[in-house]
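In what follows, chains are A, B, ... by sequence order, proteins preceding strands, each numbered from 1.
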2 protein chains.
Amino acid sequence: MTAKTTEAVDDYLKAILELSGPAAERVTSNALAAHLDVRPASVTGMLQKLAEQQPSFVKYEKHYGVRLSELGKRRALEVQRHHRLIERFLHDVLDFAWDEVHEEAERLEHYISERLEDRIAAKLGFPETDPHGHIIPEKDGEVAERKEIALSQWPCAVPAVISSVSDRDPNALREMKRMGLVPGTGLIVKPGTRYASLLVRIGAQAPTRLSRELASGIKVVERRTLTGNARG
Amino acid sequence: MTAKTTEAVDDYLKAILELSGPAAERVTSNALAAHLDVRPASVTGMLQKLAEQQPSFVKYEKHYGVRLSELGKRRALEVQRHHRLIERFLHDVLDFAWDEVHEEAERLEHYISERLEDRIAAKLGFPETDPHGHIIPEKDGEVAERKEIALSQWPCAVPAVISSVSDRDPNALREMKRMGLVPGTGLIVKPGTRYASLLVRIGAQAPTRLSRELASGIKVVERRTLTGNARG
DNA sequence: GGCCGAAATTAGGCATGCCTAAATCATACA
DNA sequence: TGTATGATTTAGGCATGCCTAATTTCGGCC
Ligand SMILES: [Mn+2]
Ligand SMILES: [Mn+2]
Ligand SMILES: [Mn+2]
Ligand SMILES: [Mn+2]
């Protein structure tokens, strides 16, 4: 039973969680402003208000950035759980395409009750990931960890499996699906081709060119590591 | 594609629709304030803002009340359609009890997209009523009319069928379900018993006492009139 | 150590939508 | 034809959360 939040507050907390990365580093006002599509001045205002609350969702040092408190992390994970459960539900039960679910979930995540969250999870059989491969936090805030790496950072010639893809660009998602770039697909980056595009063998297909832009939305793990729905 | 609205505006429009009744009479500020649980001064403020918009959702005469414009009626019906589809979906697909669906729908009705509305309707096979018997407006704003009457007004000894029940009081709903007072159930009011309680034969049961309060939430139609899921 | 540019904050405003307290209006009835 | 009473509106405020413009701070570089 965390304190009462608004849609705006929830979105700030989730943004801080997602921008601070696995090491929970400080997040800058500018980064938040870009992610949330508001002006930096608005971010400062919100962070000040959040920081002076008692108890507070954030630790904020003027001019140095913000990070989540335990309470803030708890709430951010709860909203993220809502988001990802809703995406899987829309996709699996209501026939939404994987490029359509994000926008809808971005709103609904703030307005479903705990009861509805639980019924959705039960209906789906307590899924572990959303349609883009992102891990759904447990109800108690636990997150199954996984050391995934951006495809652009992955070494050549080492077999990898797609673990997740960014869900924020519908066009990119449609293009990925067309090329077979979905979670679980295996791939290998061909050596010496890391300029404007990557030469990649996707699954069992012949090697294809993959733009850096598209590649930037893809995260991978080592071939054997993926638990569950591997396909490559 | 009606103009952009907020949750508050949607709730005002829906309240005006529901309080103005089949004859679309003017609704008073006080009635709205009571229904929406805000102060009358707040209602006045909102009605003034709505009335001076161009195009406007309402026709408002200072000191005399408000009614919906065509645009306002269109929007109110759309929100009502959302509400009732969501209630049926939560009940039929996600195992919500009939006394749990209203509160959830009251929030979600404002936040589902047209796409989600359509998918829910399709998944349900385009249902005609919500779990409380209320008719779901069509997507184009058409409403199947039905001349239902409050049970308290129904003549004695004339066979009736429950057409709908009020969904706003969870306790009353649980009590109704326990007594078999659900849409489709037939009943007859016994003569000469219209004081603090009604003596009523519900379905095939022995006659029971029914408090005026519970009866006030029940609407009925003539025995043969109900289309569809009659049970009485 | 001082300067410069980028990042961040402060200052001042606006829109929404709620509140309480103080007028004012409509109207029933004496 | 007043008048009182309840309904309604006006006046003034507050919280949230966004904006632009102006100012301050940070940090790297000469
Ligand atoms: Mn959101
Ligand atoms: Mn996702
Ligand atoms: Mn509502
Ligand atoms: Mn209902």
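Contact of the A:I86 side chain with the A:V101 side chain is not registered, since no non-hydrogen atoms from C-beta on lie closer than 4.5 Å. A:H132 is not listed as a side-chain neighbour of A:S164, based on a closest heavy-atom distance of 4.5 Å or more.
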Enumerate donor-acceptor pairs with a distance under 3.5 Å from any side-chain N or O in residues 49-67 of chain A to protein atoms, sequence neighbours excluded.
{"residue": "A:S56", "atom": "OG", "partner": "A:L50", "partner atom": "O", "Å": "2.8"}
{"residue": "A:S56", "atom": "OG", "partner": "A:V58", "partner atom": "N", "Å": "3.1"}
{"residue": "A:S56", "atom": "OG", "partner": "A:V58", "partner atom": "O", "Å": "3.0"}

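The distance from atom CG of A:D11 to atom C1' of D:dG17 is 13 Å, rounded to the nearest whole Å. Residue B:L36 contributes atom CG, which lies 10 Å from atom P of C:dC19 at whole-angstrom precision. B:K4 has its NZ atom 19 Å from the C1' atom of C:dG17, to the nearest Å.
Within residues 103-113 of chain A, no residue has a heavy atom under 4.0 Å from DNA chain C.
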Protein within reach of the bases, or only the backbone? For nucleotides 4-16 of chain C, mark each nucleotide 5' to 3' as B, S or -, using heavy atoms under 4.0 Å.
---SSBB-----S

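Side chain of A:R75 to backbone of A:D10: no donor-acceptor contact under 3.5 angstrom is found. Judged by distance alone, the side chain of A:W98 and the main-chain N or O of A:H91 form no donor-acceptor pair under 3.5 Å.
A donor-acceptor pair shorter than 3.5 Å can be found between the side chains of A:E109 and A:H83.
Sparse packing is recorded around NZ of A:K219, with 12 or fewer heavy atoms of other residues, nucleotides or ligands lying under 6.0 Å away.
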Applying side-chain contact (heavy atoms from CB on, under 4.5 Å), run through B:Q80 and B:L77 and close with a yes or a no.
CA-CA 5 Å; B:Q80 199 179 61; B:L77 285 169; 3.8 Å; yes

